[in-house]
**Q** 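This is the structure I want to talk about, given as structure tokens.
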Amino acid sequence: MALLQIAEPGQSSNPHEHRIGIGIDLGTTNSLVATVRSGVPKILQDQHDHTLLPSIVHYGKDENGQAQVTVGHDAKASIATDPANTIVSVKRFMGRSKADIRFQHPYELVGSDQDMPTFVTAHGNQSPVEISAQILTALKNRADLHLEHEINGAVITVPAYFDEAQRQATRDAAKLAGLNVLRLLNEPTAAAIAYGLDQNSQIVEDQNFAIYDLGGGTFDMSILRFSKGVFEVLATGGHTAMGGDDIDRLLVKFLKTKFEIAELSNQQHAQLVQITKSAKETLTTEMQVDIQFDIEAQTFQTTLTQAELATVIQPVADRTLQVCQRVLRDAKLKVADVNAIILVGGSTRSMAIQDAVAKFFEQTPLCSINPDEVVALGAAITANQLVGNSKDGTLLLDVTPLSLGLETMGGLVERVIPRNSPIPVARKQEFTTYQDGQTAMLIHVVQGERDMVEHCRSLGKFELRGIPAMTAGAARIEVTFQVDADGLLNVSALETTSNVKANITIKPSYGLSSSDTERLLLEGFQHAEQDKQLRHLNELKVEAQRELEALKQALIQDQSLLEPSQQQSLHEAVAILEKTLQTDDASAIEQAVESLKVHSDAFAAMRMNQHIDHALKGTRLDDWSNSTNTSSSNQSKE
Ligand code: ADP
Ligand code: MG
């Protein structure tokens with residue numbers, strides 16, 4: 001998604017009017033909150049000077065046996081002691097249906113396949129939205145400790161590939177935590193804003209930025225293009241199961257081999273993971289680290305070097321670079337086209353990762369801002385602008401990640417809002433009825449880049465009823481697509497002669513995975529030519545069907561005008577067209593339409609003459625058109 005800047009002159013605020021906006025990075029592993037103070041974005045710490053809040057929620061009991069929710073560092077220990085009631089990585093469940101959740105987890109989930117499931121906990125069933133709301137509440141409380149008055153609004157970051165359902169779930173969680181969401185912002189865009197890559201006014205040419213985000217359990221690679229004040233996502237890719245946790249796993253395996261340990265209890269294993277993790281983190285600043293691991297009476301000791309760590313990390317680094325290669329290819333860019341690379345995520349603190357990225361992109365990546373803080377800082381800058389504190393008064397807008405449109409006859413997609421349109425956006429398009437006397441219309445809203453509905457994602461359907469019966473094509477139905485600042489879509493339909501209305505707000509109950517979004521985009525590009533042909537074929541069929549329909553109506557009324565031989569050849573031409581319409585042979589259909597035309601044109605001319613004769617004999621022309629209307633079918637077409 002991208003950003004657009006809108007200059008708002010004279011927006012600088014008086015000090016006493018200072019409003020408070022906070023930026024929140026709601027991460028899979030860790031979450032943070034930041035704000036801008038005296039023009040500088042700052043991470044807000046807790047009472048123990050922690051910047052990161054582990055994204056962990058424990059539903060347990062206090063010392064009096066009362067239900068108690070603990071979040072963050074306080075909940076960490078419960079992962080080992082009470083795993084079923086300790087929810088980690090809840091972000092993976094946000095806006096996803098039970099059927100979408102195919103990864104392993106230790107939780108008992110309930111719910112139907114189509115809906116977001118709930119977790120069975122000691123405090124009853126908890127939805128991913130409620131669990132995320134606990135994390136957001138903890139961050140809000142942390143911010144309240146530091147800030148002089150009430151928070152006016154928050155910007156929350158989400159992965160670039162998050163679809164509407166996942167974004168909606170995030171918004172719902174914020175609402176539950178009592179936060180006023182100013183905007184959801186893409187994580188890579190937030191990182192680019194933190195580095196001020198949108199502020200360099202000397203740059204006139206388009207710039208391409210690569211954002212390499214290796215966190216605890218996920219890897220995300222995005223390529224943004226900054227052009228005319230707008231950040232546009234050119235391509236995204238990643239792995240939903242690759243990050244610091246995998247490095248820890250590999251490192252534990254390495255140490256077990258070194259110590260010649262074959263078996264470990266769960267508890268001992270968890271202990272070794274903790275030791276390993278902190279050793280890994282020490283190695284970002286030290287060349288080597290001493291490790292000591294005790295099991296029962298036995299003590300294992302060794303020294304781990306940066307070089308050893310680099311060897312262990314290599315396979316993870318290699319896999320991320322394969323993704324980088326693919327994402328570059330999707331963006332149709334070469335390494336030399338990338339103007340800057342930003343490192344995001346705690347795992348990019350490892351020298352081995354930094355070296356691998358630098359070698360691949362043939363330049364030194366930007367990492368002067370803490371990689372696990374950079375996203376929250378960018379969100380804080382945006383929040384500060386949105387509450388109206390920023391001196392330059394720039395506003396940042398997102399864009400739609402995939403095209404939005406609706407289904408028309410023949411299963412075709414009519415795109416109403418193209419992909420990468422800056423939001424908020426509203427577009428109006430006129431549609432009409434297909435059949436005579438049609439009184440209802442089904443509006444089917446879809447998302448995707450392909451021409452056929454079946455290749456896109458269905459977002460929702462609604463009916464417009466009570467359209468006055470008219471001839472096909474006479475009704476004027478205005479369909480308005482509106483995407484608000486948070487990416488929520490509202491579609492409304494209005495029949496302008498009668499003023500009947502219907503609308504829908506799209507809050508799909510399940511989401512697309514990042515790979516699904518990528519696939520939809522990629523397929524759109526790959527199938528462009530094939531889609532064009534398919535669209536042509538379908539349009540041809542719809543048009544032919546319409547003509548057949550009209551011809552049949554005319555035959556019911558005026559067949560008697562034709563000689564028996566003329567009737568026969570017309571019926572034969574109709575039969576041939578009907579037969580070719582069963583096939584997908586566009587040129588055969590075109591031919592059949594042509595040969596039918598030869599006969600039907602003559603018939604049309606005869607009918608015209610007859611009606612003129614009638615008119616000359618005193619029958620009013622509108623009688624004729626009225627009779628045509630009432631004789632056509634009056635059913636609703638859905
Ligand atoms: P997420 O975005 O998934 O919430 P983070 O960006 O906070 O996660 O990254 C967390 C990961 O970063 C953990 O796996 C942690 O071990 C790793 N990490 C943190 N500090 C370091 C460091 N100094 N060296 C290597 N890895 C680190
Ligand atoms: Mg992150």
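Just so you know, these numbers use all the heavy atoms, side chains as well, and skip hydrogens, waters and symmetry mates. Counting starts at 1 for both ligands and their atoms, following the listed order. Numbering of residues begins at 1 and proceeds along the displayed sequence.
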**Q** Looking only at side chains, do T320 and Y212 share a donor and an acceptor under 3.5 Å apart?
**A**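 Short answer, yes.
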**Q** How far is atom 19 (C) of ligand 1 from the closest protein heavy atom, and which atom is that?
**A**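 Ranked first by proximity to atom 19 (C) of ligand 1 is E281 OE2, 3.6 Å.
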**Q** A side-chain contact here means heavy atoms from C-beta on lying under 4.5 Å apart; do I87 and Y107 qualify?
**A**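 Touching, per the 4.5 Å side-chain cut-off.
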**Q** Which class fits the ring pair H50 and H73: parallel under 30°, tilted 30 to 60°, perpendicular over 60°?
**A** parallel
**Q** Going by the order shown, which atoms of ligand 1 are within less than 4.0 Å of some heavy atom of R349?
**A** 20 (N), 21 (C), 22 (C), 23 (N), 24 (N)
**Q** Is there at least one pair of N or O atoms, one from G346 and one from ligand 1, spaced under 3.5 Å apart?
**A** yes
**Q** Looking only at protein heavy atoms, which one is nearest to atom 2 (O) of ligand 1, and what is the separation?
**A** G215 CA, 4.1 Å
**Q** Scan side-chain atoms only and decide if Q298 and D294 contain a donor-acceptor pair under the 3.5 Å cut-off.
**A**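 No.
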**Q** Mind checking whether H105 and F103 have parallel, tilted or perpendicular rings, split at 30° and 60°?
**A** perpendicular
**Q** Decide whether an N or O pair under 3.5 Å exists between S347 and ligand 1.
**A** yes
**Q** With a 4.5 Å heavy-atom cut-off, do L32 and E373 have their side chains touching?
**A**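 Yes, side chains in contact.
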**Q** Taking only distance into account, with no hydrogens and no angle test, what donor-acceptor pairs under 3.5 Å do side-chain atoms of residues 260-267 form with protein atoms, sequence neighbours excluded?
**A**
unit_1	atom_1	unit_2	atom_2	d
S265	OG	Q268	N	3.1
S265	OG	Q268	OE1	3.3

**Q** Please identify which atoms of ligand 1 are closer than 4.0 Å to at least one heavy atom of T28.
**A** 3 (O), 4 (O)
**Q** In the protein, what heavy atom is nearest to atom 14 (O) of ligand 1, and what distance, to one decimal place, separates them?
**A**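 Here the nearest protein heavy atom works out to G244 CA, 3.2 Å.
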**Q** Give the residue, atom name and distance (to 0.1 Å) of the protein heavy atom nearest atom 7 (O) of ligand 1.
**A**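 Checking every protein heavy atom, the shortest distance to atom 7 (O) of ligand 1 gives N30 ND2, 2.8 Å.
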**Q** I'd like to check which ligand 1 atoms, numbered from 1 as shown, lie under 4.0 Å from a non-hydrogen atom of G345.
**A** 6 (O)
**Q** Using a strict cut-off of less than 4.0 Å between a Lys/Arg side-chain nitrogen and an Asp/Glu carboxylate oxygen, indicate whether R249 and D246 qualify as a salt bridge.
**A** yes
**Q** Is a side-chain N or O of D46 found less than 3.5 angstrom from the main chain of H48, in a donor-acceptor match?
**A**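 Between the backbone of H48 and the side chain of D46 there is a qualifying donor-acceptor contact (under 3.5 Å).
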**Q** Identify the closest protein heavy atom to atom 3 (O) of ligand 1: which residue and atom is it, and at what distance?
**A**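 For atom 3 (O) of ligand 1, the nearest protein heavy atom is T29 OG1, 2.9 Å.
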**Q** Considering only the protein, which heavy-atom contact is closest to atom 24 (N) of ligand 1, and what is its distance?
**A**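 For atom 24 (N) of ligand 1, the nearest protein heavy atom comes out as T284 CG2, 3.3 Å.
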**Q** Any idea which protein heavy atom is nearest atom 8 (O) of ligand 1, and the distance to it?
**A** G216 N, 3.3 Å
**Q** Which of the atoms of ligand 1 are close to G27, meaning less than 4.0 Å from one of its heavy atoms?
**A** 4 (O)
**Q** Quick one: look up the protein heavy atom nearest atom 25 (C) of ligand 1 and list residue, atom name and how far away it is.
**A** S350 OG, 3.3 Å
